[in-house]
Amino acid sequence: MKILNPCEIAERSSEMDAEYILNSATFRKRWGLDNFLEACCARRVRKAGLWGDDIKKVGIAKASSLLADYEIHAFGYNRAGPFLASDASNRRELLAIAKKEIDNAVSVGADHILVFPGGLESDSKDLESARLQTVDAIGILLEHAQKVGMNLALEPLHPMLCGDRTCITTLRHANDICAQFAGKNIGVVIDTYHVWWDETIAREIVRSAIENHILSFHVNDWLVPTTHLLTDRGMMGDGIIDLRGIWQCVKSTGYNGPVEVEIFSERWWNEDPNRVFDIALERCREIFS
Ligand code: ZN
């Protein structure tokens with residue numbers, strides 16, 4: 001595949017088998033935290049991508065004890081943000097909430113916290129200001145994250161989500177922001193759904209690995225036609241993303257973290273979650289082994 005060509009860093013290539021983990025968002029309509037962690041444990045999947053809202057439903061203390069009981073390590077924690085606001089006091093308030101989320105991520109022992117600045121305010125058309133404010137806010141959050149020992153993860157989302165989720169829509173932009181905070185606890189999450197279309201992706205994956213950290217690799221698939229911007233992601237192998245090619249590119253940089261399945265899908269949310277879990281693991285073994 002063309003995408004592999006710039007990524008041939010053979011000496012850094014890992015021969016280890018990939019570790020496959022699930023993000024709880026894949027089951028959000030059918031399972032709470034307890035069911036999800038139990039399902040991970042039953043399959044000896046020892047890490048999990050978690051969401052703050054699921055954790056808050058049971059409380060931090062209970063979530064921590066469930067993680068300990070099932071011997072699951074919290075991997076990604078979603079999320080810090082939104083925090084963009086033109087009004088200074090609103091902004092302070094949102095940043096305080098984001099810092100609290102960073103603390104929550106520390107409390108459950110997460111590896112990293114996803115950072116999403118949020119979209120433009122309803123009366124704004126000023127994307128450039130949103131970008132500047134995002135970098136300022138990340139600087140503030142990073143100071144706090146450094147103090148409490150948490151990694152901030154920038155995950156570029158597909159440009160179609162720029163209006164309401166994040167102004168960081170390319171891996172290049174995420175890498176550029178990381179470069180401004182070089183040497184600190186900040187890195188990127190590469191989600192195939194959001195970056196597969198980008199002609200610079202191979203180069204930027206290499207850059208992520210060299211200049212900062214690839215903190216996680218999220219997988220799913222792009223269906224054609226896509227019927228919903230947020231909730232019509234495909235199961236790996238059902239769409240048009242060159243998942244194996246992108247994975248080989250990521251792996252060739254020396255990334256030795258897990259492959260994390262994250263599928264927002266009305267279709268899969270309505271299936272038996274145990275079946276979805278098993279299909280996801282099976283597809284991972286077929287594609288990423
Ligand atoms: Zn993701």
Side-chain angles (χ1 to χ4, degrees), residues 18-29 36 40 45 47-55 74-82 101 105 110-119 151-162 164-175 177-178 186-198 201 204-205 208 212-223 226 228-239 241-243 246-247 249-250 255 257-266 268-269 276-277 280 283-284 287-288:
E19 178 183 11
Y20 309 120
I21 70 168
L22 276 287
N23 186 294
S24 66
T26 308
F27 311 99
R28 69 164 25 157
K29 284 206 173 162
F36 170 60
C40 292
V45 171
K47 291 178 187 159
L50 301 178
W51 285 59
D53 48 3
D54 287 336
I55 287 171
F75 193 53
Y77 178 103
N78 197 322
R79 64 185 180 267
E101 291 292 354
D111 175 80
H112 55 272
I113 183 166
L114 283 300
V115 176
F116 295 110
N151 295 312
L152 295 191
L154 304 185
E155 179 180 349
L157 300 186
H158 192 283
M160 69 187 180
L161 296 169
C162 188
D164 61 355
R165 304 272 161 175
T166 178
C167 58
I168 305 170
T169 57
T170 60
L171 189 55
R172 183 176 66 179
H173 189 197
N175 282 336
I177 295 173
C178 286
I186 188 165
V188 299
V189 166
I190 297 169
D191 186 323
T192 53
Y193 190 78
H194 298 298
V195 302
W196 69 276
W197 54 272
D198 184 346
I201 188 63
E204 292 299 324
I205 286 170
S208 302
N212 48 80
H213 301 285
I214 300 174
L215 292 166
S216 187
F217 178 62
H218 292 184
V219 299
N220 34 57
D221 216 332
W222 186 279
L223 303 176
T226 285
H228 193 279
L229 300 185
L230 194 62
T231 61
D232 190 36
R233 293 190 200 182
M235 177 66 68
M236 297 74 67
D238 287 351
I241 302 180
D242 177 17
L243 292 165
I246 297 175
W247 168 238
C249 183
V250 168
Y255 173 77
V259 172
E260 180 175 348
V261 175
E262 184 189 54
I263 303 173
F264 289 70
S265 160
E266 290 294 344
W268 292 104
W269 283 332
V276 176
F277 206 130
R283 295 290 180 90
C284 280
I287 295 168
F288 304 109

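Please read these numbers as outputs of a predicted model, since none were measured by experiment. Atoms within a ligand are numbered from 1 in the order they appear, just like the ligands themselves.
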Between the Zn ion (ligand 1) and D191, which N, O or S atom of the residue is the nearest one? OD2
Considering only NZ, NE, NH1 and NH2 on the basic side and carboxylate oxygens on the acidic side, decide whether R28 and D54 come within less than 4.0 Å. no
Among N, O or S atoms, E262 approaches the Zn ion (ligand 1) most closely through OE1
On the ring face of Y193, is R233 found with NZ or CZ under 6.0 Å from the centre and within 45° of the axis? yes
If you look at E155, which of its N/O/S atoms is nearest to the Zn ion (ligand 1)? OE2
Would you say the side chains of T226 and D232 form a donor-acceptor pair under 3.5 Å? no
H218: its N/O/S atom lying closest to the Zn ion (ligand 1) (atom name): ND1
Within the supplied structure, the quantity of interest is the number of heavy atoms (other residues, nucleotides, ligands) at a distance under 6.0 Å from R172 CZ; does it exceed 12? no
